[in-house]
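Let me begin by presenting the structure, written as structure tokens, before commenting on it.
Every heavy atom of this structure was used, including side-chain atoms; hydrogens, water molecules and symmetry mates were not.
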Amino acid sequence: MKALLNPEPLSFTSFSSISTAKPPYLTPSPTRTFLKLPANHGERSTGVKLTCTVKATLESITIGQSGICVPDTRNPTVSSSYRDSNLPKPNQTVLEAQTRVCTGPTQTKPLAEDQALKVLDTIFRSATGELKDEEPVSRAQLGAFFAAMTIRANCFPEATQWSEGESRAMNKYWPLLVRVLPPDVVFIADPEGSLMGIGSSIGPQFSTEDGTSTGVSESLLSALLIGQRMNRETDRELKAYCLAFDDELGETPIADVKSLTHYGEPYDGNTRFFRSTLFVAAVRSCYAESSLLHGAEWMPPKGGVTEEQMLKFMGADTSLTPAQAKVLLEDEEVGFAYISHRESRPSLYSLVKLREHIKKRPPLATSEKVQQFVKARGKEAIVTGFYHEGYEEPLLMLMKRRGVHSGLVVKGEEGALSMTTRLRSVNSSKGIPVNYCSGFRSLSMASACEVDGVSRQSFNLEVNAIDYGFEPTDTPRTDRSVLKNIELGLTALHGQKGPAYDRIVLNAGMVDHLLGCDGAEDISVALDRAREAIDSGKALERLWNYIKVSKQVRHRPAMCA
């Protein structure tokens with residue numbers, strides 16, 4: 001598996017350099033601003049000023065009640081600005097086609113003839129060096145597009161197989177393409193030499209064992225990833241992705257904490273709605289429920305707001321190793337931590353460019369959410385979000401294989417794990433509703449026995465916030481704004497009641513209750529405990545402490561796990 005995710009260097013980029021280099025700041029001259037804690041929020045933090053890097057991309061914004069003062073500066077509020085500018089961009093014509101065809105057997109939308117002709121002409125002109133007005137079509141795009149076309153032709157139901165227009169376009173262009181495309185792409189497009197007709201005999205004869213390749217080609221790797229996604233990953237494939245990288249950085253550190261929850265938010269972030277998990281972690285740390293967050297600064301296909309963007313904006317160090325995160329988890333004045341994909345799994349992080357060029361989420365997007373970069377001496381739990389129906393059970397299966405005491409999957413908005421207080425729309429589509437939760441808790445007394453012999457209590461429910469005293473409200477919009485997400489979170493931690501406050505309380509208390517955390521057996525008590533952590537100022541102070549200590553821990557001597 002590791003060999004598969006070590007593609008050979010190509011002329012237009014070097015994966016080895018991507019995997020070791022830190023993403024550069026997007027502006028050469030950052031300005032400074034200050035995060036100032038209100039004086040009534042704890043003696044330890046009174047008057048503490050914490051600096052953060054502010055990059056110039058948008059207009060000056062002043063946030064009032066949240067406690068952030070931004071004087072006459074321009075700020076990096078749009079999540080897309082965090083994309084590494086050194087990454088080559090995909091060809092947009094082919095990428096739009098991939099959006100339609102690189103998906104499942106019922107979601108695929110066949111191309112019309114004019115669309116197919118435009119795509120194939122773009123590929124031909126790119127391969128011959130005649131494409132002047134667009135980005136070249138990358139090897140990853142070629143692998144993903146032709147893999148999708150092959151799978152559709154051979155495996156999909158009639159409604160999502162090739163349209164008549166696609167067939168006519170392919171008949172016209174294939175005799176030209178087969179002469180200019182690399183052999184591995186021809187193999188992907190017609191592996192048995194029977195789909196495209198004359199000129200495709202290279203498919204059955206293709207071999208990677210030529211003695212010159214140092215890794216799997218980008219075309220073959222993208223074909224593998226998109227093909228598994230379109231055909232739905234099997235449990236064995238998901239297990240393999242989880243296991244392949246567990247030992248990449250050596251032995252996993254063990255934190256001396258009584259409880260640790262691993263939060264697996266989608267790495268590609270939120271593009272529309274408030275992302276609350278960072279602030280939930282600060283709340284839960286106030287009553288010794290430690291949380292470990294992990295993710296990436298920017299990740300396709302959505303490229304939305306992430307925890308790393310928010311922490312970096314506020315001045316925290318986002319380059320902590322698992323051993324350094326362990327120190328923050330054990331710190332009684334912090335109690336939560338964030339680990340970047342860049343530091344935890346460098347080989348997987350090196351695939352950011354490929355993931356952008358294949359357009360759709362690969363199987364890695366499922367397995368990476370169920371990770372344990374630090375373990376605990378006490379109880380452990382994993383919480384993840386999901387969007388597409390059918391992924392809840394594979395995620396819970398992976399959690400059980402991790403050996404955690406409790407696991408929870410949430411159908412949150414945008415596929416994230418945040419539950420909402422809004423009413424379910426009467427016009428909502430069929431299928432699993434938002435706020436649906438499924439999970440398990442380990443028991444001291446057996447009530448359900450799994451195949452592995454561990455006694456667990458399983459549960460499924462739809463959380464209706466009204467049942468717990470919350471007023472129905474629409475989820476706050478952020479629309480890719482990092483600063484807006486921070487403003488909502490800090491204003492809530494400052495004690496201002498409203499939709500963001502309610503979501504933080506709901507997600508902290510409900511997760512505590514569903515995971516079977518100590519003191520959260522009664523849901524009303526669990527919710528009140530979360531409110532007290534906010535209203536007392538403790539949660540906000542924990543967040544400030546994290547920003548400060550994360551920068552200090554990088555300069556401490558190395559510690560044993």
Side-chain angles (χ1 to χ4, degrees), residues 52 63 66 68 75-83 261-285 291-314 316 318 336-341 361 365 368-369 383-387 408-422 434-435 465 473-494 498-508 510-511 530 534 539-540 542-543 546-547:
C52 72
I63 306 177
S66 68
I68 294 183
N75 303 282
T77 65
V78 180
S79 63
S80 56
S81 69
Y82 288 82
R83 181 188 182 276
T261 303
H262 305 265
Y263 276 91
E265 284 276 21
Y267 278 22
D268 59 352
N270 284 34
T271 59
R272 293 179 293 161
F273 298 119
F274 174 52
R275 189 159 165 123
S276 65
T277 300
L278 173 62
F279 309 101
V280 169
V283 168
R284 297 181 75 237
S285 70
S291 301
L292 181 63
L293 285 58
H294 52 94
E297 182 175 52
W298 178 87
M299 184 66 71
K302 289 170 65 174
V305 175
T306 66
E307 286 76 24
E308 185 164 342
Q309 292 170 9
M310 290 186 279
L311 285 168
K312 188 172 184 178
F313 189 100
M314 291 188 288
T318 57
F336 69 98
Y338 171 82
I339 296 179
S340 174
H341 205 215
R361 293 187 183 95
E368 68 196 0
K369 293 188 291 186
V383 183
T384 71
F386 76 100
Y387 181 79
L408 174 65
V409 293
V410 178
K411 173 68 179 291
E413 292 175 310
E414 294 193 70
L417 54 79
S418 294
M419 288 172 261
T420 177
T421 60
R422 70 177 175 86
V434 172
N435 279 23
T473 53
D474 290 335
T475 305
R477 300 279 306 208
T478 57
D479 297 316
R480 295 186 183 274
S481 173
V482 179
L483 190 55
K484 179 63 176 178
N485 209 105
I486 294 172
E487 175 187 6
L488 288 165
L490 292 185
T491 300
L493 292 191
H494 190 43
Y501 177 99
D502 286 347
R503 276 156 184 76
I504 294 172
V505 169
L506 175 66
N507 283 279
M510 187 59 66
V511 165
I534 297 175
L540 184 58
R542 290 291 180 123
L543 184 55
Y546 182 87
I547 296 169

Inset, instruction - Is it possible for you to check whether R477 lies under 6.0 Å from the centre of the six-membered ring of F274, through NZ or CZ, and within 45° of that ring's axis? - result: no
Legend entry - Heavy-atom side-chain proximity of P266 to K302 below 4.5 angstrom: no
Legend entry - R542 side chain vs A281 backbone, donor-acceptor pair below 3.5 Å: no
Legend entry - Plane angle bin for Y267 and H341 - parallel if under 30°, tilted between 30 and 60°, otherwise perpendicular: perpendicular
Legend entry - Smallest separation among heavy atoms of A530 and A508, with atom names: CB-CB, 4.0 Å
Inset, instruction - Kindly say whether G295 contributes a backbone atom to a donor-acceptor pair with the side chain of E265 at under 3.5 angstrom? - result: no
Legend entry - Validation row: T475, R503 side chains within 4.5 angstrom (heavy atoms): yes
Legend entry - L311 CG to Y546 OH distance, which is reported to the nearest 0.5 Å: 5.5 Å
Inset, instruction - State, yes or no, whether a side-chain contact exists between L490 and F279 at a heavy-atom distance under 4.5 Å. - result: yes
Legend entry - Close side-chain approach of Y263 to R284, heavy-atom, < 4.5 Å: yes
Inset, instruction - Would you name the heavy atoms of L417 and V383 that are closest together and state the gap between them? - result: CD2-O, 3.6 Å
Inset, instruction - Taking all non-hydrogen atoms of both residues into account, name the closest pair between I547 and A316 and its distance. - result: CG2-N, 3.8 Å
Legend entry - Non-hydrogen side-chain atoms of T277 and L293 separated by less than 4.5 Å: yes
Legend entry - Between OG1 on residue T384 and CG on residue L408, distance to nearest 0.5 Å: 7.5 Å
Inset, instruction - Please confirm whether the backbone N or O of M419 pairs with a side-chain atom of N507, one donor and one acceptor, at under 3.5 Å? - result: yes
Legend entry - R275 versus S418, side-chain donor and acceptor atoms under 3.5 Å: no
Legend entry - Check: Q309 side chain, E297 main-chain N or O, donor-acceptor pair, under 3.5 Å: yes
Legend entry - F313 to Y82 - nearest heavy-atom pair and separation: CD1-OH, 3.9 Å
Inset, instruction - Working to the nearest 0.5 Å, report the span between CZ of R272 and CD of E413. - result: 7.5 Å
Legend entry - Distance (rounded to the nearest 0.5 Å) between M310 CE and E308 CD: 11.0 Å
Inset, instruction - Could you walk me through whether M314 and L278 pass the side chain to side chain contact (heavy atoms under 4.5 Å, CB included) test, one step at a time? - result: CA-CA 12 Å; M314 291 188 288; L278 173 62; 3.9 Å; yes
Legend entry - Closest heavy-atom pair and its distance - P499, P476: CB-CG, 3.8 Å
Inset, instruction - Could you please spell out the steps behind the side chain to side chain contact (heavy atoms under 4.5 Å, CB included) verdict for M510 and V410? - result: CA-CA 11 Å; M510 187 59 66; V410 178; over 6 Å; no
Inset, instruction - Please tell me if the side chains of D268 and P301 come closer than 4.5 Å, counting only heavy atoms from C-beta onward. - result: yes
Legend entry - Within-4.5 Å side-chain heavy-atom neighbours: T306 and M299: no
Inset, instruction - Would you give the length of the straight line joining atom OG of S285 to atom CG of L543, rounded to the nearest 0.5 angstrom? - result: 9.0 Å
Legend entry - Minimum side-chain heavy-atom gap E487-K484 below 4.5 Å: yes
Inset, instruction - For the pair T491 (side chain) and L488 (backbone), establish whether a donor and an acceptor sit closer than 3.5 Å, ignoring hydrogens and angles. - result: no
Legend entry - Non-hydrogen atoms of K411 and F386 that approach each other most closely: CD-O, 3.3 Å
Legend entry - Any donor-acceptor N or O pair under 3.5 Å, side chains E414, T271: yes
Legend entry - Residue of the set I486, L483, N485 for which side-chain contact (heavy atoms from CB on, under 4.5 Å) holds with T478: N485
